[in-house]
Amino acid sequence: MFQKVLIANRGEIAVRVIRACREMGISTVAVFSDVDRAALHVSMADEAYLIGPAPARESYLNIQKILEVARRSEAQAIHPGYGFLSENANFARACGEAGVKFIGPPPSAMELMGSKTRARQAMQAAGVPFVPGSSRGLSLQEAEALAAEIRFPVMIKAAAGGGGKGMRLVRSATEFKSSFEAAQSEALRSFGDAEVYLEKYIENPRHIEIQVLADEHGNTVFLGERECSVQRRHQKVIEEAPSAIVDEEMRRKMGAVAVQAASSAGYTNAGTIEFLVDQQRNFYFLEMNTRLQVEHPVTEFVTGLDLVHLQLKIASGEKLPFDQKDIALRGHAIECRIYAEDPENNFFPSPGKITSLIRPSGPGIREDSGVYEGWTVPLDYDPMLSKLIAFAPDRAAAIARMRRALDEYFVGGIKSNLPLFRRILEHPDFISAKIDTGFLDRLLSGESHLSQAFSQNKDGFSDIAAISAALFAATAAPISNGPNGNSSAAQGKTGSAWKRAARDEGVAGQ
Ligand code: MV4
């Protein structure tokens with residue numbers, strides 16, 4: 001096993017990896033930018049090195065700087081976390097050339113999965129189901145002909161894309177040319193590569209992904225699925241495991257396909273196969289993420305495994321310590337991504353100083369955080385503050401537990417999306433697991449179930465009554481239930497009504 005590992009990342013994921021290293025007796029090396037001198041990951045690591053100014057390209061994306069720190073600190077391996085350099089095949093290759101182990105797949109597998117058209121070709125050859133369309137770049141004429149053949153609606157996608165960039169939905173032949181050209185130029189601008197291809201559009205799909213692990217001795221296993229349909233603008237907001245629509249048989253089929261996809265790509269370490277699932281529960285390969293993902297804790301809860309420990313073992317050449325039949329899923333886990341952003345103001349980032357922080361804990365709660373009270377969230381990076389994960393024997397209990405934890409959670413001084421999670425977790429469609437990739441947009445645009453019920457009431461009087469009741473509750477609650485109030489019995493009963501009220505009134509600025 002490695003004696004020293006460098007973590008080429010920041011925030012909660014750097015902290016997560018440092019914790020795993022500490023548990024395994026491995027020394028840790030942190031890197032940080034100018035604005036991260038006081039960051040949590042820096043104080044938790046055994047050693048820390050400044051690598052440059054705030055802009056990521058000059059620090060967390062600077063391959064030469066990071067390799068120089070690896071050399072100086074004599075780190076034997078680099079964990080890239082997610083984002084930044086984690087899916088950069090050139091970085092993985094440069095690590096290899098510098099004699100430092102990259103904790104991830106081989107550069108060849110990263111390159112293959114980085115090209116969506118090459119990945120489709122490889123998956124086609126491996127017998128993995130995929131959406132009808134093309135598996136190579138197309139000219140406008142070829143694309144028009146194919147669209148007529150597979151029928152509208154279709155999606156034009158950038159070969160170098162992923163995660164929604166350079167993508168266009170086209171519903172009819174009349175808009176095809178302009179959409180095609182727009183997709184091409186966006187692809188060129190974003191990725192320096194204008195190649196685009198075509199897929200049949202799947203209406204309101206679910207996004208379900210399979211976690212895989214592969215060692216360097218030819219063993220590959222899958223660790224169940226994650227349901228990631230609750231997302232906004234291609235950013236996941238809530239993830240859970242298992243998915244309510246995946247039964248034993250579907251899980252076995254998706255798992256076998258994911259293992260086949262990974263082994264045919266020569267994949268090693270942790271990876272994720274993303275699928276689109278249509279309303280008939282057919283599943284189609286979408287793309288493969290060649291990194292540890294943000295939402296890995298939900299899989300850790302339901303499998304009882306530690307994915308970062310396993311990544312370190314695999315990278316150091318160990319065999320997987322179990323095989324597929326040893327993996328059993330138990331219970332239900334839900335993760336909320338807590339962001340410094342304002343759901344009331346178009347989710348605008350809200351960096352700044354965290355003046356007060358009360359974190360949830362108790363049975364079945366895990367909080368993976370990169371922040372602390374007094375820390376100033378810089379505006380230079382992704383404003384995710386923490387991930388709140390709830391685990392319970394079943395989905396209903398996990399939802400109840402998450403709602404309880406959200407009520408305990410308080411972030412003061414900056415805005416956060418905590419109020420949004422309360423809305424989602426109370427929504428009848430979420431509670432009944434009627435979630436697809438359009439769920440959150442419908443909720444936010446007011447088309448959802450609940451607000452429809454409201455708007456059917458044409459006189460508006462009950463809306464006014466509801467608003468007055470809410471205003472009354474918001475102003476009345478803190479007096480008797482405040483943290484320094486004299487009614488401890490009332491406080492115990494109503495949980496954190498005082499925080500809800502303070503938040504709704506903007507008292508603590510949350
Ligand atoms: C699709 C699709 C429907 N049909 N492809 C969005 C992100 C990118 N990775 C692929 N995406 C989609 N591809 C076909 N053929 C719908 C989406 C999509 C989506 C996928 C996963 C999670 C959220 C999404 C939100 C909107 C659209």
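Remember, it's 1-based here, ligands and their atoms both numbered in the order they're listed.
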Inspect the surroundings of CZ in F348 and state if more than 12 heavy atoms from other residues, nucleotides or ligands are less than 6.0 Å away.
no
One finds that the ligand 1 atoms under 4.0 Å from a non-hydrogen atom of K200 are 4 (N), 14 (C), 15 (N)
(Q) For the aromatic rings, using the six-membered ring if either is Trp, is the centroid distance between H427 and F439 under 6.0 Å? (A) yes
Ligand 1 atoms nearer than 4.0 angstrom to some heavy atom of H207 are 21 (C), 22 (C)
shortest atom 4 (N) of ligand 1-to-protein heavy-atom contact is with I202 N, 2.9 Å
Per-atom filter on ligand 1: closer than 4.0 angstrom to a heavy atom of Y201 are 3 (C), 4 (N)
V131 heavy atoms within 4.0 Å reach ligand 1 at atoms 15 (N)
Using 4.0 Å as the upper bound for N to carboxylate O, is an ion pair formed by E199 and K116? no
One finds that the ligand 1 atoms under 4.0 Å from a non-hydrogen atom of M155 are 1 (C), 2 (C), 3 (C), 4 (N), 5 (N), 13 (N), 14 (C)
Less than 4.0 Å between a side-chain N and a carboxylate O, is that true for E344 and K415?
no
### Query
Charged N to carboxylate O under 4.0 angstrom, E225 versus R251?
yes
The salt bridge (Lys or Arg N to Asp or Glu O under 4.0 Å) partner of E300 among R16, K387, R226 is R16
Short version for T437: what comes under 4.0 Å of ligand 1, heavy atoms counted, is side chain
Inset, instruction - Please verify whether a non-hydrogen atom of K236 lies at under 4.0 Å from ligand 1. - result: no
message = Is the terminal nitrogen or CZ of R291 (NZ for Lys, CZ for Arg) located under 6.0 angstrom from the six-membered ring centre of F102 and within 45° of that ring's axis?
response = no
(message) Please check whether L276 reaches ligand 1 - meaning an N/O of the residue sits under 3.5 Å from an N/O of the ligand, judged on distance alone.
(response) no
*asked:* Are any of the N/O atoms on E199, whether in the backbone or the side chain, positioned under 3.5 angstrom from an N/O atom of ligand 1?
replied: yes
Counting from 1 in the order shown, the ligand 1 atoms closer than 4.0 Å to a non-hydrogen atom of E287 are 9 (N)
Atom 26 (C) of ligand 1 sits nearest the protein heavy atom H234 CE1, 3.6 Å
Check your understanding: Among the heavy atoms of K157, does any lie under 4.0 Å from an atom of ligand 1?
Key -> yes
Residue, atom and distance of the protein heavy atom nearest atom 25 (C) of ligand 1 read Q231 NE2, 3.3 Å
Quick one: do R422 and D407 make a salt bridge, cutoff under 4.0 Å? yes
- Message: Regarding R442 and D436, does a basic nitrogen lie under 4.0 Å from an acidic carboxylate oxygen?
- Response: yes
Does E287 come within less than 4.0 Å of K157, counting only side-chain N to carboxylate O?
no
For atom 11 (N) of ligand 1, the closest protein heavy atom turns out to be M167 SD, 3.6 Å
